[in-house]
2 protein chains.
Amino acid sequence: MSPEANPAPPAATGKKKRLSREIVLSAALALVDAEGLDALTMRRLGQELGRDPMGLYRYAENRAALLDGVSELVLNELAIFPDDPDWQAQLRRIAHDLRLLALRHPNVVPLLVTRPLSTPLGLRPLGTLRPLEQILSLLIDAGFAPADALHVYRAYYGFLYGHILNELQEFIVDPDENEALLRLGLHRLPPKDFPHLRALAPVLVDYDGMAELDEGITILLSGLAARLSLPEAPAKL
Amino acid sequence: MSPEANPAPPAATGKKKRLSREIVLSAALALVDAEGLDALTMRRLGQELGRDPMGLYRYAENRAALLDGVSELVLNELAIFPDDPDWQAQLRRIAHDLRLLALRHPNVVPLLVTRPLSTPLGLRPLGTLRPLEQILSLLIDAGFAPADALHVYRAYYGFLYGHILNELQEFIVDPDENEALLRLGLHRLPPKDFPHLRALAPVLVDYDGMAELDEGITILLSGLAARLSLPEAPAKL
DNA sequence: GCCTACAGTCTACATTGTAGACAAGTTGCT
DNA sequence: AGCAACTTGTCTACAATGTAGACTGTAGGC
């Protein structure tokens with residue numbers, strides 16, 4: 001066989017279409033979803049697109065920017081309706097949506113969480129700031145003073161991200177080995193030092209993340225509503 | 001000068017003491033604190049210790065293990081008294097301590113947050129699981145049913161980590177340029193799309209993370225205590 | 001003394017991100 | 001159409017990284 005046998009052995013959408021930022025980012029996301037963050041190298045992504053790796057630099061300044069792009073792409077999947085008059089219901093729905101999003105793209109969560117730590121707020125990709133702006137809008141429209149809206153947002157988003165991290169930590173990718181692996185792992189712990197953790201093994205196994213998130217949100221929202229002079233929302237405390 | 005001029009030009013604690021895991025990890029932590037995660041390469045750390053980089057592999061199986069070690073080291077700075085009868089006060093104190101810890105080691109926070117995502121619970125470094133076990137112990141001793149203790153822990157730790165991430169995101173390392181940089185960043189945002197965010201600039205600048213954390217904890221703890229049949233703790237709802 | 005184990009070093013290599021020169025292809029103008 | 005300006009894609013090259021494997025000390029036990 002000639003050295004030029006197959007120009008794009010693995011996946012290549014069309015034959016040789018023009019590239020675009022969206023195409024590149026989508027491919028990157030697909031790769032991360034399928035094989036994890038480490039698999040996302042310039043060469044690998046190039047190969048996945050049937051293109052020279054260097055070409056990618058036309059669509060992302062460097063690898064970090066590419067990661068930001070993936071973050072942005074994922075966050076764009078999140079729908080927010082800033083005009084919903086029932087802010088509590090809306091926040092609750094968003095929370096569940098974001099949770100599902102995270103479960104759908106678990107490998108991207110580290111990006112969502114860490115990339116903002118390396119970039120001052122104002123310089124983040126715009127798509128990343130959209131949820132913040134829209135939720136502020138939602139709250140302000142609902143009658144909160146802007147500063148209070150910010151407080152609510154922070155408590156809410158903080159809790160939400162915390163929950164997602166928590167849940168993903170106990171999330172084992174391979175559902176068959178789930179219980180076995182978990183117990184096996186726990187079994188390794190010295191019983192002297194970790195009695196409670198070991199005893200909780202059965203409870204740990206059937207973690208209902210959705211219910212737990214919902215409870216937390218309920219507590220938080222009613223608590224927030226009580227502490228701040230809330231608008232016409234139907235608070236049942 | 002000969003090619004063997006100075007064997008350890010930069011920092012070298014003693015002359016040439018025997019290495020140990022603690023020494024290596026401490027140096028690694030110092031390096032991360034000083035220059036960020038990316039600066040922690042095997043060669044650089046070796047140089048910092050005046051040793052050949054390969055020697056480090058005697059004390060950490062690979063780079064990932066080294067990162068885990070740093071996480072563990074930092075978490076060990078956190079003091080927990082699982083015998084305190086006032087669980088609410090204890091949780092509140094721990095929250096503030098952890099927050100300060102995070103502010104002291106901001107570059108380590110990504111590790112604290114992401115490393116557990118790559119390791120099934122049972123296989124984490126033991127030092128990392130200690131807080132979990134001890135808080136469970138605290139709650140169970142205080143009278144919670146074990147399963148409820150787990151719920152409380154999850155809500156609590158979730159919120160706590162979420163808050164820390166939130167706060168660090170708005171934390172600008174250089175305090176002089178803080179306001180300027182922040183506003184500058186925000187100024188870049190298209191006013192059409194981000195009116196609320198831009199308007200909140202002044203509020204964003206003086207973020208009182210400590211107060212905000214405390215309020216959140218208050219809401220969460222009293223909420224949790226109300227929802228679960230709590231023990232003799234003094235709940236003031 | 002010698003022998004075994006382990007600490008530390010050296011050399012070497014595959015893999016990564018990315019700069020810079022170039023080629024090929026596309027678009028707009030006249 | 002024909003040329004020019006620009007955009008896309010490719011190639012070559014290099015410095016930096018993690019780490020395997022062989023080697024060299026050095027310390028302690030007989």
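So you know, we letter chains A, B, ... as the sequences are listed, proteins then strands, and number each from 1. Side-chain atoms are counted along with the backbone in the values below, which use heavy atoms only and exclude waters and symmetry mates.
Closest to the A/T41 side chain, of the nucleotides D/dG9, D/dT19, C/dT16, is C/dT16. Candidate nucleotides C/dT9, D/dT10, D/dT17 were compared by shortest atom distance to the side chain of A/R51, and D/dT10 ranks first. Candidate nucleotides C/dC10, D/dT10, D/dG9 were compared by shortest atom distance to the side chain of A/D52, and D/dT10 ranks first. For A/M42, the side-chain atoms get nearest to C/dT18 when compared with the rest of D/dG18, C/dT18, C/dG8.
Distance CG (A/D38) to C1' (C/dT15): 12 Å, rounded to an integer number of Å. What separates OH of A/Y57 from P of D/dC11 is a distance of 16 Å, to the nearest Å. Atom C1' of nucleotide D/dA20 and atom CE of B/M54 are separated by 7 Å, given to the nearest angstrom. When the P atom of C/dT15 is taken as reference, atom CD of A/Q47 falls 12 Å away, rounded to whole Å. Taking atom CG of A/L56 as the reference point, atom P of D/dT8 lies 13 Å away to the nearest angstrom. Here the P atom of nucleotide C/dT15 and the CG atom of A/L45 are 18 Å apart, to the nearest Å.
Here the closest non-hydrogen pair linking A/L25 and A/L66 is CD2-O, 4.0 Å.
Near DNA chain D, meaning a heavy atom under 4.0 Å from it, residues 58-68 of chain A has A/R58, A/Y59 in order of number.
By the salt bridge (charged side-chain N to carboxylate O under 4.0 Å, His left out) test, B/D97 is found to be paired with B/R93, residues two or more places apart in sequence or in another chain being considered. The salt bridge (charged side-chain N to carboxylate O under 4.0 Å, His left out) check on B/E35 picks up B/R44, with sequence neighbours excluded. With sequence neighbours excluded, no residue forms a salt bridge (charged side-chain N to carboxylate O under 4.0 Å, His left out) with A/R63.
Toward the 5′ end of DNA chain C lies the nearest nucleotide of B/S20, the other residue of the pair B/S20 and B/R43 mapping further downstream.
Legend: salt bridge (Lys or Arg N to Asp or Glu O under 4.0 Å) pairs involving residues 101-130 of chain B, not counting sequence neighbours, sorted by first then second residue: B/D68-B/R115, B/E77-B/R104. Residue pairs meeting the salt bridge (Lys or Arg N to Asp or Glu O under 4.0 Å) criterion with at least one partner in residues 185-196 of chain A, sequence neighbours excluded, do not occur; the list is empty.
A distance of 8.0 Å separates NE2 of B/H163 from CG of B/L160, quoted to the nearest 0.5 Å.
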